[in-house]
Structure formats: C-alpha cells, structure tokens
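Heads up: the structure comes next, in structure tokens.
By convention here, the first residue in the shown sequence is residue 1. Computed from heavy atoms alone, side chains included, the values below leave out hydrogens, waters and symmetry copies.
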Amino acid sequence: MTVDPGRFHPMTPAPPPPPQQSTGCGKLALIGCSIAFFLGAVAVVAVVFGIFGAIKKSDVYSEARNRAVADPRVVAALGTPIKTGLLVSGSLKINNNSGTANLGFPISGPKGEAHVDAVATRDTERWTFTTLTVKPAGQPAIDVLRPEGSPQPER
C-alpha cells in the first residue's frame with residue numbers, strides 16, 4: 001500500500017488551526033468596565049459610611065447611646081461592656097438650633113444583642129426624647145425614659 005503525501009491519512013493528526021489575531025479591545029473594555037464598577041462601589045460605600053459617621057458624631061446619638069448603656073436594666077440584660085454596632089438607621093434633621101431625630105442602632109454585650117430606638121426633638125437648647133427604647137433579643141423591651149419599677153403605659 002502506498003500513501004499519497006497530499007492526501008489525509010487516518011493516522012496523522014489534523015493540522016493546528018491558524019493563530020487568532022487579537023486586537024486587545026475586548027480585554028481593554030473588560031478591564032475598563034471592571035475599574036469603573038470598582039470605583040463606583042467604593043464611592044457608594046464612602047457615602048454610606050460618611051452618612052453613618054455624621055449621625056454617630058451627633059450629640060443626639062451620643063446622648064441616646066449613653067443613656068441606653070447606663071440603664072441598669074440594659075446592663076442586666078446585656079452584661080458589660082456594652083458596644084455599639086457600625087450601622088445607624090433613621091433620620092436627623094437640624095435647622096438652625098431646632099430639629100428632629102429618629103434613630104435606630106444595635107448594641108451588644110456578653111449576654112446578648114439589642115436594638116435601640118430613639119425619637120427626639122430639639123429646641124434651641126437641648127434634645128428632648130419622646131422615645132428611648134432598648135429591645136433585647138428574646139426579652140421584653142426596656143423603656144429607658146421610665147425609671148425601673150414605674151408602671152408601663154397601657155397599649
């Protein structure tokens with residue numbers, strides 16, 4: 001049997017395909033889109049933490065936090081030390097020296113976690129809380145504005 005070198009023989013491998021010419025535009029577009037997405041995500045995170053940071057630096061947040069963690073009922077429920085979480089939700093509006101605040105934030109201690117809800121208004125001199133409640137997980141809410149032993153309002 002003779003083999004014609006110009007013909008395909010079943011035992012010889014197929015020739016490799018010719019190399020593809022890449023212009024690199026697809027790679028550059030993918031890299032550019034990835035960078036733009038990353039920078040956008042960083043900007044969103046910076047804005048969110050900037051807002052949370054501004055609220056956490058406010059005097060109404062500090063007062064709500066300090067009053068909540070100093071309450072003996074909260075200390076009994078959570079233990080010490082009590083730490084605050086990173087996120088703060090709600091709103092804070094100040095115009096001249098008056099304003100309103102409606103805040104919520106987590107706190108925790110060695111015995112468990114809780115959520116603080118605070119509602120306050122400000123006249124020209126100070127913040128007055130209408131609500132300051134600590135809600136420990138799996139336990140009844142603690143009204144920080146009512147002294148221990150005073151009756152809870154009917155709801």
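Looking at Ser98, its side chain never comes within 3.5 Å of a backbone N or O of Ile94 through a donor-acceptor pair. Remark: the backbone N or O of Leu145 is paired with a side-chain donor or acceptor of Asp143 at under 3.5 angstrom. Here the side chain of Arg122 pairs no donor or acceptor atom with the backbone of Thr128 at under 3.5 angstrom.
Side-chain contact between Val134 and Ile107 is present, with heavy atoms from C-beta onward closer than 4.5 Å. Looking only at side-chain heavy atoms (C-beta outward), Leu39 and Ile35 come within less than 4.5 Å of each other. Side-chain atoms of Pro136 and Ile142, non-hydrogen and from C-beta on, do get closer than 4.5 Å to each other. Put simply, the side chain of Glu63 reaches to within 4.5 Å of the side chain of Trp127, judged on heavy atoms.
Closest approach of Asp117 to Gly104, counting heavy atoms only: OD1-CA, 4.1 Å. When all heavy atoms of Ala118 and Leu132 are compared, the pair lying nearest together is CB-CD1, 3.8 Å. Residues Val144 and Ala68 share a closest heavy-atom pair of CG2-CA, 4.3 Å. Considering every non-hydrogen atom in both Lys111 and Gly79, the closest pair reads CD-N, 3.9 Å. Summarising the geometry of Arg146 relative to Arg73, their closest heavy-atom pair is O-NH2, 2.8 Å, with the distance given to 0.1 Å. Shortest non-hydrogen contact noted between Lys135 and Ala141 is CG-CB, 3.9 Å.
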Review point. Going through the distances and angles, do Arg126 and Asp59 end up as a salt bridge (Lys or Arg N to Asp or Glu O under 4.0 Å)?
Key: CA-CA 9 Å; Arg126 62 186 178 91; Asp59 52 347; over 6 Å; no
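Residues Val116 and Leu92 share a single hydrophobic cluster, defined by chaining ILVMFWY side chains whose heavy atoms lie under 4.5 Å apart.
Separation of atoms OH (Tyr61) and CG (Asn66) is listed at 9.0 Å; rounding is to 0.5 Å. To the nearest 0.5 Å, atom OG1 of residue Thr121 and atom CZ of residue Phe129 are 9.5 Å apart. Note that CZ of Arg65 is 11.5 Å distant from NZ of Lys83, once rounded to the nearest 0.5 Å.
Evaluated for a side chain to side chain contact (heavy atoms under 4.5 Å, CB included) with Val74, the options Val69, Thr80, Ile82 yield exactly one hit, Ile82.
Counting non-hydrogen atoms of neighbouring residues, nucleotides and ligands closer than 6.0 angstrom, the CD atom of Glu113 reaches no more than 12 such neighbours.
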